[in-house]
2 protein chains.
Amino acid sequence: MGRIKTNDTTSRREIIIQKAATLFKEKGFKAASMRELADIVGVEAASLYNHIKNKNELLNIICFDVANRYMQMIAEIETEKKSSLEKIEKLLRFHITGMVKHFDEVYVSDREWKHLEEPYLANLQAQRRAYRKRIAAIIDDGIKKKEIKKIDASTAVLIMLHAVSGIESWHRSKAKINGKELEENMVSILVSGLKK
Amino acid sequence: MGRIKTNDTTSRREIIIQKAATLFKEKGFKAASMRELADIVGVEAASLYNHIKNKNELLNIICFDVANRYMQMIAEIETEKKSSLEKIEKLLRFHITGMVKHFDEVYVSDREWKHLEEPYLANLQAQRRAYRKRIAAIIDDGIKKKEIKKIDASTAVLIMLHAVSGIESWHRSKAKINGKELEENMVSILVSGLKK
DNA sequence: ACTTGTTACTAACAATTGTTAGCATATTTT
DNA sequence: AAAATATGCTAACAATTGTTAGTAACAAGT
């Protein structure tokens with residue numbers, strides 16, 4: 001079929017990963033076949049294996065890319081001198097813009113992590129749990145300092161994160177408001193829902 | 001292996017559907033095999049076909065069961081004499097308790113509808129779009145009557161519905177608060193996020 | 001020009017998939 | 001007790017799956 005086109009910044013491997021993310025998003029990991037991915041990339045299925053170890057490696061990369069981005073951001077936020085509510089707002093905005101920008105990856109990481117194999121599965125789950133705990137800690141801190149109303153922090157985290165993942169249906173819809181507006185609306189509803 | 005045990009209220013068919021919902025939730029529709037389902041039911045794979053047409057029928061039933069429950073509720077709410085905010089709160093509570101009670105079904109319907117086949121796929125999508133529109137209409141009405149702050153209604157709907165689907169991770173977690181508490185926390189955050 | 005590593009192809013594999021046909025055994029109805 | 005229906009089993013099917021082996025063409029470095 002010919003070889004995969006690369007520009008200088010993106011390796012063949014990275015092209016495959018990107019197209020895989022899109023395909024996995026559309027069909028689901030299990031329903032997406034390597035032959036289909038190969039077709040999209042413009043190559044025979046076997047050729048993919050010159051660039052990646054196997055199908056599951058693709059999912060690993062996608063999921064941990066996303067997880068690592070989040071971990072980096074929460075670490076940054078924790079060190080900042082901001083009120084708890086400001087921290088939550090910053091994180092929320094990060095999630096929203098991240099969802100709009102890296103939609104395919106985030107979507108796949110959110111919905112298809114089940115199909116990771118050990119030890120990656122256990123690993124990612126632990127990372128996600130830890131992540132949610134760190135957000136909950138910020139909220140609990142805000143409650144103690146009376147910036148945030150007295151609620152169950154982990155419930156608040158759950159609402160926040162899943163509300164953001166709802167951007168999926170915004171992404172699909174035709175009559176879209178623009179990304180910035182979406183962000184302001186979400187922040188308005190969620191942040192004022194927490195405020196005392 | 002022996003025949004499927006039934007009590008008087010639940011047919012063999014219904015047992016299969018229930019177990020299918022649980023299996024689809026755990027593995028995902030595509031990754032779940034009929035042989036595995038048969039194992040769980042306690043029967044050979046071929047025997048399932050005495051009760052159901054095929055694998056996809058199982059998914060159809062699960063998805064439309066859930067959708068129909070929602071449609072019935074929104075119709076009921078629309079006729080009631082309540083403020084918009086009260087209507088939204090009622091709907092929210094219905095979704096929360098529904099998620100806690102029919103967890104497997106709702107989860108599968110939310111995450112696995114992609115694997116429906118036409119015409120069921122188009123059908124369910126249309127139904128879901130219509131459902132969201134009817135909720136948005138209630139919110140817009142509330143905005144006009146100045147009970148609800150001026151926000152994009154479809155964004156609010158999206159937040160609500162996806163926040164509820166976050167109960168999934170509550171379901172998985174060990175250190176759970178109880179269902180009633182969860183409900184009050186969610187309502188508190190989301191309803192006050194809408195209030196003017 | 002020659003060598004070396006990269007990338008692609010064809011062909012094939014073993015495993016798993018959903019599903020059907022044909023037949024046996026229960027259970028219910030007559 | 002006989003007939004009819006419901007439910008189960010074994011065996012097999014065609015299709016699809018991820019992946020590997022072996023080999024040819026290409027690109028880059030010398």
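Throughout, protein chains are lettered first and strands after them, A, B, ... in sequence-line order, and every chain is numbered starting at 1.
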**Report entry** Atom-pair distance (CG on A:L37; C1' on D:dT16), nearest Å
**Finding:** 16 Å
Query raised in the report: Which part of the nucleic acid does A:S47 contact within heavy-atom distance under 4.0 Å: base, sugar-phosphate only, or nothing?
Result: base
Query - Short N-O contact, A:D104 and A:K19, less than 4.0 angstrom - result: no
Requested in this report: Look at the side chain of A:N50 and the base of C:dA8, then say whether one donor and one acceptor between them are separated by less than 3.5 Å.
Outcome: yes
Report summary line: Of C:dT17, C:dA12, C:dC9, the nucleotide closest to the side chain of A:V43 is C:dC9
Requested in this report: Take atom CE of A:M34 and atom P of D:dA15, then tell me their distance rounded to the nearest Å.
Outcome: 23 Å
Requested in this report: Pick base, sugar-phosphate or nothing for B:A32, based on heavy-atom distances below 4.0 Å to the nucleic acid.
Outcome: sugar-phosphate
Requested in this report: Mind checking the NZ-CG spacing from B:K87 to B:D141? Nearest 0.5 Å is all I need.
Outcome: 6.5 Å
Query raised in the report: Would B:S192 and A:K149 count as having a side-chain donor-acceptor pair, cut-off 3.5 Å?
Result: yes
Query raised in the report: What's the closest nucleotide to the A:R12 side chain, out of C:dT10, C:dT7, D:dT19?
Result: C:dT7
**Report entry** Selected nucleotide, minimal atom distance to B:Y49 side chain, candidates D:dT17, C:dG18, D:dG8
**Finding:** C:dG18
Query raised in the report: What's the CD-P distance between B:E14 and D:dT7, to the nearest Å?
Result: 13 Å
Query raised in the report: Between C:dG18 atom C1' and B:L58 atom CG, what is the distance in whole Å?
Result: 12 Å
Requested in this report: For A:E44 and D:dA25, give me the distance from atom CD to atom C1', rounded to whole Å.
Outcome: 15 Å
Report task. For residues B:K27 and A:K114, determine if any side-chain heavy atom of one lies less than 4.5 Å from a side-chain heavy atom of the other. Result -> no
Query raised in the report: Taking the six-membered ring for Trp, is the centroid-to-centroid distance between B:H95 and B:Y70 below 6.0 Å?
Result: yes
Report summary line: Quick note, B:A46 side chain, CB onward, closest among D:dG18, D:dG8, D:dA11 is D:dA11
Query - Atom-pair distance (CG on A:D39; C1' on D:dG18), nearest Å - result: 16 Å
Requested in this report: Send over the distance from A:K30 NZ to D:dT16 P, rounded to a whole Å.
Outcome: 18 Å
Query raised in the report: Rounding to a whole Å, what distance do you find between B:L48:CG and D:dT7:C1'?
Result: 12 Å
**Report entry** Phosphate OP1/OP2 of D:dG8: any B:H51 side-chain N/O under 4.0 Å
**Finding:** yes
